[in-house]
Amino acid sequence: MIRILLVFLIVFFSSHIMAQVALDSIQRLDEVVLSDVKLTRYAKGYKVTVLNDSLLNNNRVSFTDLLRFNTNIYFKENGYGMVSSPSFRGTNASQTAVIWNGISINSQLTGQTDFNTINTTNFNSIAIRSGGGSVQYGSGAIGGSIHLNNTLSFKQHFDNTATLSYGSYETKNISYLSSYSNEKFSVNVGLDYIDSENDYKYLNTDQSNENGAFQNGSINANLGYVLSNKDVLKLYHQTFIGEREFSGTVSSPSLAKYEDQNFRTMLEWSRFGTKSYSKLKVAHLQEHFKYFGNQNSDNFTFGKVNTYLINYTADIDLLKDLKLKPIVSYNYYEGSGSSFNNPNRKEFSTTALLLYNPNEKWHYGLNLRQDVTSGFNSPLLFSFDVAYEVSNSYKLKLNGSKNYRVPTFNDLYWQPGGNLDLVPETSYQIDLGQEITYKSVSFNLNAFYIKTSDLIQWKPNTTGFWSPENIAKTQNYGVEASLDVSKKIKAHQFSLQGNYAYTVSEDLETNAQLIYVPYHKANINLAYAYKRMSLFFQHLFTGEVYTTPENLSGIFYSVEAYQLTNFGLNYQLFKTNSQQIDISLKVNNLFNTVYENVAFRPMPDRNFNFQIQYKF
């Protein structure tokens with residue numbers, strides 16, 4: 001009974017904290033209580049950054065922009081709104097795991113998640129976990145993992161939020177969130193629709209983005225029901241349906257179009273025992289795409305994968321200071337497509353997470369995982385982490401791990417080019433972090449080293465087709481720093497938040513920096529709030545990236561460094577105890593900077609977005 005009360009208190013206070021944070025429209029990162037036990041309990045020695053719901057509310061149109069301006073993650077985006085690939089610490093998008101309520105949703109076809117196919121609506125928080133995480137989250141979590149979290153509160157409430165926005169290039173966005181709960185039943189539903197012509201002009205030219213329109217809609221629905229004083233049942237669902245034209249380059253126009261659909265459903269049963277807490281998850285995921293080389297034609301290629309998952313985990317208090325979390329999981333992947341027939345894969349894994357807290361200052365974690373994957377000899381994985389509180393304001397963190405990534409269906413079966421002889425990538429890494437907090441100031445500094453072998457790379461083979469091979473050995477090292485300062489003087493509230501990353505990611509055979517990895521990336525967010533008004537200023541610097549292995553600079557060999565500035569203003573038009581109306585204006589690319597993120601694909605000029613939000 002005490003455990004049940006404790007869980008309800010945590011849920012109550014976390015929702016209360018987030019409700020307070022939601023009123024604060026200032027653009028900064030606040031502390032948010034996470035619902036993922038692996039993040040809160042078994043990641044003491046890791047760097048974890050949390051983006052709260054107030055930040056998500058102000059960045060609804062682009063998930064890529066949200067992370068680009070608020071974290072150290074670098075994105076390679078093939079034109080605004082097109083395919084967007086994240087990069088942690090110089091690794092690639094296939095080495096970044098995206099975790100939805102505790103399970104991986106990376107594509108079994110490409111191995112990655114396209115961040116322009118995720119709407120931020122109805123996620124209570126998004127957490128960024130830097131460093132290797134294959135032991136806890138499986139294949140692909142080499143550079144880091146991004147966690148999309150939905151929480152369900154069982155406190156009596158009925159809240160609604162409707163948002164309308166209109167912006168440049170005829171960009172329309174409408175979303176609606178509703179959340180209801182009593183002591184037995186809780187539900188929240190989010191609907192979101194975006195439509196944009198995306199026909200921005202290419203600065204300093206007479207061209208424009210002629211084939212870049214996109215539209216998508218999503219549904220997030222989450223339900224919880226208290227079966228008894230020991231059992232809680234939860235159902236999570238997400239649907240995304242999108243259609244995009246694919247932009248060409250400045251010299252090569254395009255008529256391509258891409259349609260993608262993602263359906264994710266998970267049933268979760270939690271049981272609270274006297275000395276243990278267990279959770280059973282059953283999930284079905286489906287990804288489906290159609291690619292039209294010419295959108296005026298009915299001809300297309302397609303791919304589809306169904307994932308069936310069952311996962312059981314428990315939290316057991318072995319001793320007062322010693323906790324064990326065993327995890328058993330089984331995944332079955334069933335694919336079909338016009339370029340790779342009907343492959344399937346079975347994957348069984350066992351994991352043990354051990355946490356030892358001898359006192360309030362020391363935290364030790366030791367984790368082991370063994371996968372049995374059809375067609376592969378998966379390695380035994382391990383990780384460890386240590387956190388030591390030197391003083392109330394200074395903390396040291398250390399973690400190390402062995403991680404891996406199995407080849408995707410595209411890597412193995414894509415015709416022509418697939419390679420059945422591929423073996424999993426493996427990597428070893430270590431991370432040392434320092435965390436300083438004093439009053440309203442927080443500073444983090446991390447240094448990391450990653451060594452990867454058997455990296456899977458696609459390159460032209462002897463027959464002229466592109467084919468993947470295990471060829472490269474790479475090393476990544478660098479430092480990351482982040483600063484968060486807030487100050488309140490009477491009714492005036494100030495905030496400063498910034499990130500900087502220096503990253504070396506090199507091929508050990510050539511000692512050359514890998515393509516599309518900037519040495520330097522930095523961003524800063526300044527915010528000010530006074531009574532009903534708040535405003536913010538965002539600035540981003542991305543260093544030069546090479547586009548060829550030779551590391552040459554110039555228009556045909558690299559993408560120039562660029563700086564980008566956004567400005568936003570928010571005003572609380574109306575507020576009572578039960579209703580609130582906010583209006584806001586955001587100016588992106590304030591100084592009309594000419595820039596590219598990927599070679600020969602110009603990004604938007606100065607553009608505007610107006611938003612009105614009604615809470616009741």
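Predicted, not measured: the structure shown is a model, and the values here were computed from it. Excluded from the calculations below are hydrogen atoms, water molecules and symmetry mates; all remaining heavy atoms, backbone and side chain alike, are included.
- Taken from OG in Ser467 to CH2 in Trp458, the straight-line distance is 6.5 Å, to the nearest 0.5 Å.
- Taking each heavy atom of Ser153 and Ser186 in turn, the nearest pair found is O-OG, 2.8 Å.
- In this structure the side chain of Pro468 reaches within 4.5 angstrom of the side chain of Asn419, judged on heavy atoms.
- Of all non-hydrogen atoms in Ser84 and Asn116, the two that sit nearest each other are CB-ND2, 3.5 Å.
- Among the candidates Asn149, Val50, Thr49, Leu66, the single residue satisfying the side chain to side chain contact (heavy atoms under 4.5 Å, CB included) test with Ile126 is Leu66.
- Checked against the 6.0 Å centroid criterion, the rings of Phe348 and Tyr330 do not qualify as a close aromatic pair.
- Of all the heavy atoms in His237 and Asn222, the pair that sits closest is N-OD1, 4.0 Å.
- No option in Arg129, Arg89, Lys397 other than Arg89 meets the salt bridge (charged side-chain N to carboxylate O under 4.0 Å, His left out) test with Asp431.
- Minimum heavy-atom separation, Leu235 to Leu267: CD1-CD1, 4.1 Å.
- Side-chain atoms of Thr110 and Asn410 form no donor-acceptor pair, as typed in the model, at a separation below 3.5 Å.
- Between the side chain of Gln429 and the backbone N or O of Ile142 there is at least one donor-acceptor pair closer than 3.5 Å.
- Counting only distance, with no hydrogens or angles, the side chain of Gln513 and the backbone of Ser505 share a donor-acceptor pair below 3.5 Å.
- Between Pro407 and the choices Leu420, Leu412, Val423, the side chain to side chain contact (heavy atoms under 4.5 Å, CB included) rule is met once, by Leu412.
- Within a 6.0 Å sphere centred on CG of Asn511, heavy atoms belonging to other residues, nucleotides or ligands number more than 12.
- Looking only at side-chain heavy atoms (C-beta outward), Tyr236 and Lys281 stay at 4.5 Å or farther from each other.
- Scanning both residues, Tyr46 and Gly400, for their nearest heavy atoms gives OH-O, 4.3 Å.
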side-chain contact (heavy atoms from CB on, under 4.5 Å) between Asn72 and Thr503, worked out | CA-CA 10 Å; Asn72 284 318; Thr503 306; over 6 Å; no
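- Closest heavy-atom contact between Lys521 and Arg68: NZ-O, 3.1 Å.
- The only option from Phe240, Tyr258, Phe302 that meets the ring pair (Phe, Tyr, Trp, His ring centres under 6.0 Å) definition with Phe289 turns out to be Tyr258.
- Asn220 and Gln238 share a donor-acceptor pair across their side chains, judged by distance under 3.5 Å alone.
- Ring pair Tyr546/Tyr519 is perpendicular by interplanar angle, where above 60° counts as perpendicular and below 30° as parallel.
- Rounding to the nearest 0.5 angstrom, the gap separating the OG atom in Ser94 from the CZ atom in Arg405 is 4.0 Å.
- Ile316 CD1 to Leu353 CG: the interatomic distance, rounded to the nearest 0.5 Å, is 11.0 Å.
- Asn124 and Thr151 share a donor-acceptor pair across their side chains, judged by distance under 3.5 Å alone.
- At a threshold of 4.5 Å between non-hydrogen side-chain atoms, the residues Glu268 and Lys279 count as touching.
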Check against side-chain contact (heavy atoms from CB on, under 4.5 Å), Lys451 and Leu508 | CA-CA 10 Å; Lys451 187 171 184 178; Leu508 286 175; 3.9 Å; yes
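- Between Tyr42 and Asp385 the shortest side-chain heavy-atom distance does not fall below 4.5 Å.
- Under the 30°/60° scheme for interplanar angles, the aromatic rings of Tyr449 and Tyr477 are found to lie parallel.
- Of the N and O atoms on the side chains of Glu469 and Gln457, not one donor lies less than 3.5 Å from an acceptor on the other residue.
- Under the 6.0 Å cut-off for aromatic ring centres, His147 and Tyr137 qualify, their centroids lying closer than that.
- Side chains of Tyr356 and Leu366 form no contact here, defined as non-hydrogen atoms less than 4.5 Å apart.
- Take Ala283 and apply the side chain to side chain contact (heavy atoms under 4.5 Å, CB included) test, not counting sequence neighbours, and it matches Ile103, Met266, Leu309.
- Here CG of Asn470 is found 8.5 Å from CG of Leu455. Values are rounded to the nearest 0.5 Å.
- A donor-acceptor contact shorter than 3.5 Å is absent between the side chain of Ser401 and the backbone of Asn403.
- Listed for the Ser276 side chain is no donor-acceptor partner under 3.5 Å among the backbone atoms of Gly273.
- With 3.5 Å as the limit, one finds a donor-acceptor pair spanning the side chains of Gln286 and Asn306.
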Mind running side-chain hydrogen bond (donor to acceptor under 3.5 Å, both in side chains) on Asp260 and Thr117 for me, showing each step along the way?
-> CA-CA 8 Å; Asp260 45 15; Thr117 65; 5.2 Å; no
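- Judged purely by atom type and a 3.5 angstrom limit, Asn476 uses its side chain to pair as donor or acceptor with the backbone of Gly90.
- Checked by atom type, the side-chain pair Thr64/Glu77 shows no donor-acceptor distance below 3.5 Å.
- With contacts defined as side-chain heavy-atom distances shorter than 4.5 Å, the pair Asn344/Tyr332 qualifies.
- Atom CD1 of residue Ile471 and atom OG of residue Ser453 lie 13.0 Å apart, to the nearest 0.5 angstrom.
- Note that the NZ atom of Lys402 and the OG atom of Ser134 stand 11.0 Å from one another [nearest 0.5 Å].
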Step by step, would you call Asn106 with Thr113 a side-chain hydrogen bond (donor to acceptor under 3.5 Å, both in side chains)?
-> CA-CA 5 Å; Asn106 279 32; Thr113 298; 3.3 Å; yes
Do Ile430 and Leu398 pass the side-chain contact (heavy atoms from CB on, under 4.5 Å) test, and can you show the C-alpha distance, the side-chain angles, and the key distance before you say yes or no?
-> CA-CA 8 Å; Ile430 192 162; Leu398 175 70; 4.0 Å; yes
Decide side-chain contact (heavy atoms from CB on, under 4.5 Å) for Val406 and Tyr404; before the verdict, give the C-alpha distance in whole Å, the side-chain angles of both, and the deciding distance to 0.1 Å.
-> CA-CA 7 Å; Val406 296; Tyr404 82 123; 3.5 Å; yes
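- Residue-environment remark: NZ (Lys346) stays at or below the threshold of 12 foreign heavy atoms within 6.0 Å.
- Of the N and O atoms on the side chains of Thr373 and Ser378, at least one donor lies less than 3.5 Å from an acceptor on the other residue.
- Ring planes of Tyr333 and Phe409: perpendicular class, angle over 60° (limits at 30 and 60°).
- Taking the six-membered ring where the residue is Trp, Tyr388 and Trp362 present parallel rings, their angle staying beneath 30° rather than reaching 60°.
- Residues passing the salt bridge (Lys or Arg N to Asp or Glu O under 4.0 Å) test with Asp315 are Arg41, Lys325, sequence neighbours excluded.
- Side-chain contact between Trp414 and Thr408: absent, with no pair of heavy atoms (C-beta onward) separated by less than 4.5 Å.
- At least one side-chain heavy atom of Phe376 sits under 4.5 Å from a side-chain heavy atom of Arg345.
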